[in-house]
Trainee: 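Structure incoming, see below.
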Amino acid sequence: MSELRHPPGTFDVLPADSAPWEGLIRAFARVVEAAGYGLILTPTFEDLAVFKRVGESTDVVRKEMYDFEDKGGRHIALRPEMTASVARAFIQHRPPLPWKSWYAGSNFRYERPQAGRFREFHQVGIEAFGSADPDLDVEVMSLGWEFYTAAGITRRELLLNSLGDGTCRPAYRALLLAYLESHRDELCEEHQIRLEENPLRVLDCKKPACQKVVAGAPRQLDHLCDDCAAHFARVKNGLGALQIPYTVDSKLVRGLDYYTRTTFEYAGLGLESAQNALGGGGRYDGLVSAMGGPDTPGVGFALGVERILLAVEAEGGTDRLAAGRGLDVFVVDFGGSGGDAGRDLTALLRAAGLRADRAFDGRSPKAQFKAADRSGARLALVVGPDEAAGGTVAIKDLQTSADQVSVPVADVVAEVRQRLG
RNA sequence: GUGGCCGUAGCUCAGAUGGUUAGAGCGCCAGGUUGUGGCCCUGGAGGUCGGGGGUUCAAGUCCCCUCGGUCACCCCA
């Protein structure tokens with residue numbers, strides 16, 4: 001047992017296991033880049049203030065922030081989510097609108113790890129700034145939906161809600177608060193205390209006590225202003241037109257305070273409810289201005305990579321994500337040239353664009369072939385004294401075990417290509 | 001942050017009631033095959049029994065502490 005380990009709540013993904021991760025991110029990039037989203041890289045850590053804007057009353061800010069003071073006395077936080085970082089980058093650089101970006105990277109929340117939940121976890125996502133058009137909400141939601149299909153996840157559902165905007169939300173909030181206060185003693189302990197801070201959070205409290213009260217509570221959807229109602233109608237219309245099934249859930253609040261109007265969540269139906277949130281997002285028209293930027297609408301989502309992998313696993317394995325990796329050839333050098341032949345042939349193959357590996361240390365033929373077998377390469381290319389004398393390379397098909405053939409060095413690349421089909 | 005369960009070889013795990021040099025399977029390395037993988041046979045390397053303290057003639061085994069893992073609550077990705 002080594003003294004040095006990864007920190008609690010983190011993990012290593014070794015090359016032998018990383019194919020699904022690689023395939024998933026590639027599949028995501030393919031889907032969103034086809035819709036005009038470009039990769040964005042932002043720092044893994046930011047000034048704590050960047051993230052405080054996601055909402056002082058949220059668990060993310062209140063108790064899950066992975067923060068510390070750096071050597072310059074700055075209060076730093078590892079990013080708990082990406083939207084605030086992207087918004088900060090938008091405000092700092094002011095790119096032309098509309099501005100569409102996608103990302104893949106680590107996020108951090110300081111909490112006790114558990115199934116499907118880590119201190120460092122990974123997300124892929126998109127953010128689109130500069131348009132309040134409900135059709136953009138639909139585009140964003142549909143891209144997530146399409147990606148799940150590409151990843152092989154069919155057992156999922158899209159939950160949809162509208163939280164209203166600066167016009168109708170305060171009025172609804174007051175209405176809800178008044179209702180909840182009249183039932184205060186029936187709420188769970190936590191919400192009796194924190195009710196005023198964010199009454200909306202009571203809506204998705206899982207405690208039976210709160211649920212009972214919520215059942216009779218006024219619904220935001222019944223109190224949307226005309227603009228928000230029209231926006232929501234257009235969103236539903238667009239999803240219908242694209243044949244994306246959805247379920248309206250008036251209690252869907254989500255864990256971040258910056259959402260306005262559209263909020264949505266993708267839930268995996270094949271997973272335990274404690275970790276069935278595959279991803280979520282929504283519109284955040286007030287976020288950029290709240291962070292000190294120009295009044296700019298935006299909409300986006302983030303999907304949890306660990307959760308997606310769990311869902312893919314639950315639906316028959318990650319093989320389809322992992323396709324396309326592996327070596328073409330493995331070079332075996334039986335000696336006679338001091339290792340020159342193997343070294344030079346490997347370089348020749350790689351320069352020709354073939355995926356080639358080899359054995360080192362002049363190991364025994366048996367050991368080298370064993371390595372060739374394990375490497376997963378389709379072909380073994382053999383060089384040794386006999387080949388050196390004749391200026392040839394022996395090609396052996398490791399899958400069919402057919403008799404190996406000898407070809408002139410000059411023809412090796414062409415011959416290999418033909419055999420790989 | 002609170003609670004349950006669990007830490008023995010790289011991995012999965014045996015090691016009743018404490019008792020001489022801590023085992024197996026898989027994996028790895030080598031040989032059987034002086035130029036040929038997968039199967040088989042033989043052999044080998046690899047362990048401060050998570051760490052520290054205590055009880056005892058004697059601790060992998062019992063007690064305390066600690067670290068780590070895992071699951072759950074809260075909440076989410």
Trainee: When every nucleotide of nucleotides 27-40 of chain B is labelled 5' to 3' by its protein contacts under 4.0 Å (heavy atoms), B for base, S for sugar-phosphate only, - for none, what sequence of letters results?
Mentor: -SSSBB--BBBB--

Trainee: Mind running salt bridge (Lys or Arg N to Asp or Glu O under 4.0 Å) on A/Asp328 and A/Arg378 for me, showing each step along the way?
Mentor: CA-CA 5 Å; A/Asp328 297 319; A/Arg378 173 78 186 281; over 6 Å; no

Trainee: Who are the ring pair (Phe, Tyr, Trp, His ring centres under 6.0 Å) partners of A/Tyr103, not counting sequence neighbours?
Mentor: none

Trainee: Parallel, tilted or perpendicular: which fits the ring planes of A/Phe369 and A/Phe334, with parallel below 30° and perpendicular above 60°?
Mentor: tilted

Trainee: Between B/rA77 atom P and A/Ile308 atom CD1, what is the distance in whole Å?
Mentor: 12 Å

Trainee: Taking B/rU20 as the reference, what is the distance to B/rG4 when you measure between their C1' atoms (whole Å, please)?
Mentor: 38 Å

Trainee: Between B/rG44 and B/rG18, how far is it from one P atom to the other, in whole Å?
Mentor: 34 Å

Trainee: Take atom C1' in B/rG38 and the same atom in B/rG10, then report the distance between them in whole Å.
Mentor: 22 Å

Trainee: In whole Å, what separates the P atom of B/rU70 from that of B/rA59?
Mentor: 32 Å

Trainee: For the pair made of CG in A/Leu200 and P in B/rC75, what is the distance, rounded to whole Å?
Mentor: 15 Å

Trainee: Please state whether the rings of A/Tyr266 and A/Tyr148 are parallel, tilted or perpendicular, taking 30° and 60° as the class boundaries.
Mentor: perpendicular

Trainee: Using the P atom on both, measure B/rC64 against B/rC5 and round to a whole Å.
Mentor: 13 Å

Trainee: Roughly, in whole Å, what's the span from CZ in A/Arg117 to P in B/rA77?
Mentor: 10 Å

Trainee: How would you label the glycosidic angle of B/rA16: syn (within 90° of 0) or anti?
Mentor: syn

Trainee: For A/Leu303, answer base if it contacts any base atom (sugar-phosphate contacts may also be present), sugar-phosphate if it contacts only those atoms, and nothing otherwise; contact means non-hydrogen atoms under 4.0 Å.
Mentor: nothing

Trainee: With sequence neighbours left out, write down each residue that passes side chain to side chain contact (heavy atoms under 4.5 Å, CB included) with A/Ser364, or none if nothing qualifies.
Mentor: A/Lys366, A/Ala367

Trainee: Whether the A/His231 and A/Asp165 side chains hold a donor-acceptor pair (N or O, under 3.5 Å, no angle test) is what I'd like checked.
Mentor: no

Trainee: Using a heavy-atom distance cut-off of less than 4.0 Å, which residues of residues 77-87 of chain A contact RNA chain B?
Mentor: none

Trainee: If we take the P atom in both B/rG31 and B/rC71, what is their distance in whole Å?
Mentor: 43 Å

Trainee: Going by the rule ring pair (Phe, Tyr, Trp, His ring centres under 6.0 Å), which residues pair with A/Phe360 if we only count those two or more places apart in sequence or in a different chain?
Mentor: none

Trainee: Name all residues meeting the side chain to side chain contact (heavy atoms under 4.5 Å, CB included) criterion together with A/Arg74; count only those two or more places apart in sequence or in a different chain, and write none if there are none.
Mentor: A/Asp70, A/Ile76

Trainee: Do A/Phe129 and A/Ile91 come close enough that some side-chain heavy atom pair is under 4.5 Å?
Mentor: no

Trainee: What pairs with A/Asp344 under side chain to side chain contact (heavy atoms under 4.5 Å, CB included), at least two apart in sequence or on another chain?
Mentor: A/Asp340

Trainee: Dump the pairs, protein N or O against N or O of nucleotides 66-71 of chain B, anything under 3.5 Å, distances to one decimal.
Mentor:
from, atom 1, to, atom 2, distance (Å)
B/rC71, OP2, A/Ala115, N, 3.2

Trainee: Return yes when atom CG of A/Asp222 has more than 12 non-hydrogen atoms of other residues, nucleotides or ligands closer than 6.0 Å, and no otherwise.
Mentor: yes

Trainee: Just distance, no hydrogens or angles: give the donor-acceptor pairs under 3.5 Å from side chains in residues 407-421 of chain A, sequence neighbours left out.
Mentor:
from, atom 1, to, atom 2, distance (Å)
A/Glu415, OE2, A/Arg419, NE, 2.9
A/Arg417, NH2, A/Ala352, O, 2.4

Trainee: Check the distance between B/rA77's P and A/Glu64's CD and give it to me in whole angstrom.
Mentor: 9 Å

Trainee: Side-chain polar contacts of residues 379-393 of chain A - donor-acceptor pairs under 3.5 angstrom, sequence neighbours left out - could you list them?
Mentor:
from, atom 1, to, atom 2, distance (Å)
A/Glu387, OE1, A/Gly384, N, 3.1
A/Thr392, OG1, A/Ser406, OG, 3.3

Trainee: Looking at residues at least two apart in the chain, or sitting in another chain, which of them share a side chain to side chain contact (heavy atoms under 4.5 Å, CB included) with A/Pro95?
Mentor: A/Phe90, A/His93, A/Trp99

Trainee: Return one dot-bracket line describing RNA chain B 5' to 3' (Watson-Crick or G-U wobble pairs, both distances under 3.5 Å; ( ) same strand, [ ] crossing, | another strand, . none).
Mentor: (((((((..((((.....[...)))).(((((.......))))).....(((((..]....))))))))))))....

Trainee: Quantified in whole Å, what is the C1' atom distance between nucleotide B/rU21 and nucleotide B/rC13?
Mentor: 22 Å

Trainee: Given the structure, check if the side chain of A/Glu111 and the base of B/rA77 hold any donor-acceptor pair shorter than 3.5 Å.
Mentor: yes

Trainee: Take the protein atom CG of A/Leu252 and the nucleotide atom C1' of B/rC75, then report the distance between them rounded to whole Å.
Mentor: 14 Å

Trainee: Taking the cut-offs as 6.0 angstrom to the six-membered ring centre and 45 degrees off its axis, would you call A/Arg119 and A/Phe108 a cation-pi pair?
Mentor: no

Trainee: When the P atoms of B/rG19 and B/rG60 are considered, how many whole Å apart are they?
Mentor: 9 Å

